[in-house]
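Remarks on the structure that follows.
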Number of protein chains: 2
Amino acid sequence: VETNCGNLSKVKLTSPTALPNATGFLWNQNMVMQVNCRGYVNSLFMQPEPAKYSYAPNMEAKSFIQPEHSYFSHHPGRFFYLKDEDSGEIISLPYEPMRVQLDSFSFELADSHIAWLIEHRGLKIEVKVNLTEFDLVECWLFSVTNATDKIRNISVYPYFTIGYMSWMNQSATYNESLNAIVGDCVTPYQKVEDYFKHKDFKDKTFFLSDTKPSAWHANQKVFEGEGGLHQPTALQADLLQNVDARYETPVAVMQFKQKLLAGEQKSYQFLFGPAKDDAEIATIKEKYLGEQKLIAARKDYLAYIKQGKACVTVDSGNAGFDDFFNHWLPRQMFYHGDVNRLSTDPQTRNYIQDNMGMAFIHPEKTRQAYILAVSQQTINGAMPEGVLLYKDAELKYINQVPHADHGVWLPICLLVYLNETGDVSLLNELISFADSTEKQTFSRHIELALDYLIKATDHRRLSFIEQGDWCDPMNMVGYKGKGVSAWLSLATAYAITMWCDLCEEYNISVNQQRHEEYRLAAKMMNNAVNQHLWHDKWFARGITDEGRVFGTDKDVEGKIFLNPQSWAMLSGASSKEQQTKMITAISKQLITPQGAMMLAPSYTAMVEDVGRITQKHPGVSENGSVYNHAAIFYIYALYQVGQNDLAFDLLSKMLPSIDNAKVTGQLPIYVPNYYRGAYHQLPEQAGRSSHLFNTGTTSWLYRCLVEELCGLKGCATGLKVAPKLPSSMKQISGQRLFRKAIIDFELYQQSEVDTVEILLDGQVVTGNILGDLKAGQQYKLLVKLPIVEQ
Amino acid sequence: VETNCGNLSKVKLTSPTALPNATGFLWNQNMVMQVNCRGYVNSLFMQPEPAKYSYAPNMEAKSFIQPEHSYFSHHPGRFFYLKDEDSGEIISLPYEPMRVQLDSFSFELADSHIAWLIEHRGLKIEVKVNLTEFDLVECWLFSVTNATDKIRNISVYPYFTIGYMSWMNQSATYNESLNAIVGDCVTPYQKVEDYFKHKDFKDKTFFLSDTKPSAWHANQKVFEGEGGLHQPTALQADLLQNVDARYETPVAVMQFKQKLLAGEQKSYQFLFGPAKDDAEIATIKEKYLGEQKLIAARKDYLAYIKQGKACVTVDSGNAGFDDFFNHWLPRQMFYHGDVNRLSTDPQTRNYIQDNMGMAFIHPEKTRQAYILAVSQQTINGAMPEGVLLYKDAELKYINQVPHADHGVWLPICLLVYLNETGDVSLLNELISFADSTEKQTFSRHIELALDYLIKATDHRRLSFIEQGDWCDPMNMVGYKGKGVSAWLSLATAYAITMWCDLCEEYNISVNQQRHEEYRLAAKMMNNAVNQHLWHDKWFARGITDEGRVFGTDKDVEGKIFLNPQSWAMLSGASSKEQQTKMITAISKQLITPQGAMMLAPSYTAMVEDVGRITQKHPGVSENGSVYNHAAIFYIYALYQVGQNDLAFDLLSKMLPSIDNAKVTGQLPIYVPNYYRGAYHQLPEQAGRSSHLFNTGTTSWLYRCLVEELCGLKGCATGLKVAPKLPSSMKQISGQRLFRKAIIDFELYQQSEVDTVEILLDGQVVTGNILGDLKAGQQYKLLVKLPIVEQ
């Protein structure tokens, strides 16, 4: 693995076998594709619910996206067989399905394209894919250069999976006027009302070429023959036999026989995607086929991805660290914020946190999102399970289960938006409810949510957990209506405090008495957690319906949970002394080379008063993985209590890097939702990435970088400067965009100072707030920090 | 392909590539497995809804069973790699995944087991699988014999697919005390109520051996390595590495290193199946492991399958014909009747027709089934969409769509039960309703169903089709409430007539006036069909909501449908002259080498006032395949109107045979639900079997053999003798079991007679009814028939 290949935005993998599950991803608002280094691809598009155009070989379940996706030989992919017509040798590119060892291999992930550079027996091959800004099409370019001084005769056979489209109707054939193989199907259904829902579905899959093929094949089974995918029978013949698929599994294969003179290069352009009909395919063809059009499309798509530029770039001297923070993390954060994980009903907590990240990129999107979220609140104050993004969207999967935490996120995350923009006008927006046309201010919506949370507590003032809180699968602690959550109690206290603090800081006009009551409620909840859930060295996780406190040393599994400790620090429930004990316990029981596990030991058997989390595989997802969303909460909390070195250490562990790629199995282009935990129970699997780039981690991780590590945090009166450099990072420089001002900064530890010294354009700043920054103006900020000892 | 291998109950296929999709199937009341000649297996068990224990490599959709199942390299299977430790050669048995050409290959389908006999490089291998009478276990025996005169050193590696079990939790490891690889998972769910539903699920998959393995492997991906399934990396080592699967795709592989002296044989027994826990596995092990136990289990299982013996055996001189009718068809019919296609909510029409077949095997089962069916009728007379077979069963899939035909089947099918048993007591059984505890006689239930049907007609007295009739996907002819069905009108008339005739024949006390009204209603419906739906040469299929008559020569596609013609013959709606026209039109437009297509031309585009049928692939299922259920209705109807030669010709076309195996792709052990049609549109695919052995065809096909061809049909007063031998079958002999009497019969055409002559035990019978047969007594029946000219 290499990064920084010439510029800062490329990650390169030079072996197809070292990290076999490594992937990159491309997306636009209508589709996403995850591309594996060996040529497998997962892709989907929205119509408006997620749909496929390149399918598995069998009838695959529709499901939410799963971690640790498993590949197998007939997994959907985009492959290129290459026959040397002179020697007869056949290889496949980029690596699957034949797995022939290539002279050289490079899988390259850039901003807005993914490419392979391959050399084999004197041929240089480049394969490259990009998406477009809006359309449903993969743009592929396959170039082959004869690097020898002899004439070479070859056949190139792109093999693009169409797969098992439908039991109702599936077929494929070559369409001469489009110069495309077009697969056709009818999305299966049985009820007449679904016919009308499906009527405009894009049930065709096209594979279109700029070059007329010598021959083609559309029948997967016949193509493969007895030879198998690793040695397809159809390739034995001089020419493919032009075979249809008629209620048979379709595939898109073309053959291009080509003579290459010494040094000659030949390129083929391919377009692959879903369409409703031939006219749509023709439109896509017209729009994207041809070199100039491809170049234009790439440019536009790059411009789209570049919209994900966020508010800070840094130079810490650690190229991997910098590249990740400057480039890949904002890219991932933009993906979350701009397309909402390509879900039409994102969980409310995800939606709010993902859009917190968007405040560092396009705060106006955050504003819209937060208004949309509260417009789906019910008038009793309850926030919805998921935010419906179009009229006919429905709450699906986990959003059909009642979770108790959806009200806490907006008061917690709102501050980032205000800090970045100073836009208090949001709080006075008048917004209606899901179940009422009555309009209330945004502020009132938040307070209704807080009121609802405060009411949803028991006699001890602990928050009912219902069928889960942030931890979705902790569904049986309180399903009988009695069980409570330590985390949610703390999160509620924190949300209340954040709201009150925010109103004070931004001078929001509030009902003072109500705010005093809020502060009191928060305090009493903190007290209740201390009274009922502090157990010797850490906070327990909750109390079950039957009154059993769990998440303590008395448990054999699930002794300690990370979240209550982190949030006790955030909510103010924990004393310094408690914090020391908690940190010690965490360090002993939860820390792994990839960061802090969410709980330990992982459950290995069902605990009926805890629930589904205990049935998940040990070390996977919520059952004790290094669940990065929880890990970043802990890091953020550590920053709040001044544990900067520890926070930075854990933040570093979380970052995917070249160094840990062998363990995680992924490339350093996104933070995954988890690394395998159960470190002491299953050490062999520990550290593996979930390869899932959907995660609430991104916005908090970026927040830690901007607001904590660099300490360049917006506030009511300007930009507050309070860096939290660890002992291991003596200096960091960079550029901060803040309310349209541009601040070039240098932060460094210097033995000559013993308190922070701040210079703006050479002038010493009193206090630590840059209060008078002008939009459009560029500043130079120098911050001298006392040396931090280890 | 060979049949009659030594005895009448074996079908042999001697190539793994000639019919790559050929399968056999085994079942008991709790599970079924469909075994492909190359080693792929589809299996499921009931808990009580269908579940898997050997899964696809990805998250597969739960669905009803689909036609033309597609296999691919990682499809679930049971394979055996075999390494010659001396030469290093590795092969796989029975054929997949390596596809090495074997010296000899034989796939053998018997009553109660499926086996392969293979020879390769001096090794003789037999692989055999059977099920047990009740339990959830596949019993495998792998035997290898050294047929050379040298010592041979080999390793045998059974590779049994466990596959992608669950995204929540999946793992596998070797359990030493069980000597088994045990895969474990948690059936995925998200709602707390499902936990309680799933609690007792059999979430483990075990692979258990009688021999301690030299080594084992439980991790699919690691086993396969870079070599691929066709050359697994793990087999390169001397010994497998004993690798677990931990939230990785499990597999069950064991290695048995074995030295074989010249002539020595070694056998391995394996048990494979689902279980709730280790204790259950231990119980299965105790019950079935060991040679004697295996022999006993096989015997019991054979006895179970033999319960499917039906009431006739024939000797026509055509071995394939006889074998199919004597053996395979009753077996398939017994499968349908005994386990209801392993559905917990069989469609009412299937349930009633499948149990009509059971009347030829175990009529008491038919009786129970018919009582159960009417107990789920609502008091308004409507029969349910599906019959729920256990308390918590739910109507699923197509049973959630309203179909108008469910009331017609019982009056039509009941006669077979009465003819076989003479048990009129059924008609007086008092039975309650789905929505009322009020009890009514079985007769009254039937009449309520008829009343409901008679009412469900329009001003023309044509039956409303709602969202489908017998033809499920004809869902948009009448979804607005107006469209009518020619077929259903005719079927209603036929059902009424059948009921009235039956009551007369069996002297059932009825309300005479009501029965006169019934006969009048039937007549008027027949008239209405003639008035509104006869179009020149055949009957149309119906009239849409907007009043468009369809299924006529005016249509470009779907010009002619088979069912209205068949049922006009049955219901008495058609004159002789009309019949001649219909038969001519059918012969011209619908007949193919595999029989009569259901309609023609097949639709190639959606017709919005016909519906989903027009969206199915041309020639597939209801859209113009040779849909055998419809084809057998036509054959049965032809027998009713005296078209014996044509009926027999079409019946012969329907039968799977050695001769047509190359076209159908299946072995002659079941009648499939369809052969591909669209004969003139897509000739290349025409004739292919659906490979689906669930079909309403079986009972009607058997009925045609017994009641029509052999003409040995029960009636109120005894056994009516009225053979309908075609010109091409000059004689047939056999044995008929009838109300516990045993009748050895010989039927033959003789030029010396010009009317039928019947001799029972040498005595001439007057009339054609054998009226005085005694249970337990054996008779000799000789029937001389006039020569039938072609």
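Numbered from 1 within each chain, the chains take letters A, B, ... in sequence-line order.
Only the side chain of A:Thr249 comes within contact range of chain B, with heavy atoms under 4.5 Å apart. In this structure, no portion of A:Gln220 lies under 4.5 Å from any heavy atom of chain B. Only the side chain of A:Glu68 comes within less than 4.5 Å of a heavy atom of chain B; its backbone N, CA, C and O stay farther away. Both the backbone and the side chain of A:Val192 come within less than 4.5 Å of a heavy atom in chain B.
Your options are B:Gln685, B:Gln190, B:Met606, B:Glu608, and the one with the most heavy-atom pairs under 4.5 Å with chain A is B:Gln190. With chain A as partner, the option from B:Tyr479, B:Tyr195, B:Tyr71 having the largest number of non-hydrogen pairs under 4.5 angstrom is B:Tyr195. The candidate with the highest count of non-hydrogen atom pairs below 4.5 Å against chain A, out of B:Asn623, B:Leu229, B:Val620, is B:Val620. Between chain A and the residues B:Tyr247, B:Tyr397, B:Tyr164, the most heavy-atom pairs under 4.5 angstrom are made by B:Tyr247. The candidate from B:His69, B:Arg99, B:Lys62, B:Lys191 with the greatest count of non-hydrogen atom pairs under 4.5 Å with chain A is B:Arg99. Most heavy-atom pairs under 4.5 Å with chain A, from the set B:His75, B:Arg676, B:Gln231: that is B:Arg676.
Although no hydrogens or angles enter the test, the distance criterion places a donor-acceptor pair under 3.5 Å between the side chain of A:Arg612 and the main chain of B:Tyr189. No donor-acceptor pair closer than 3.5 Å links the side chain of A:His74 to the backbone N or O of B:Phe72.
For A:Tyr679, the OH atom counts as loosely surrounded, since its 6.0 Å shell holds 12 or fewer non-hydrogen atoms of other residues, nucleotides or ligands. More than 12 heavy atoms of other residues, nucleotides or ligands sit less than 6.0 Å from atom CD of A:Glu226. Atom NZ of B:Lys221 has more than 12 neighbouring heavy atoms from other residues, nucleotides or ligands inside a 6.0 Å radius. Heavy-atom contacts from other residues, nucleotides or ligands closer than 6.0 Å to CD of B:Glu193 number more than 12.
Within the 4.5 Å cutoff, the side chain of A:Arg246 has heavy atoms near those of the B:His617 side chain.
Closest heavy-atom contact between B:Gln615 and A:Val186: O-CG2, 3.5 Å.
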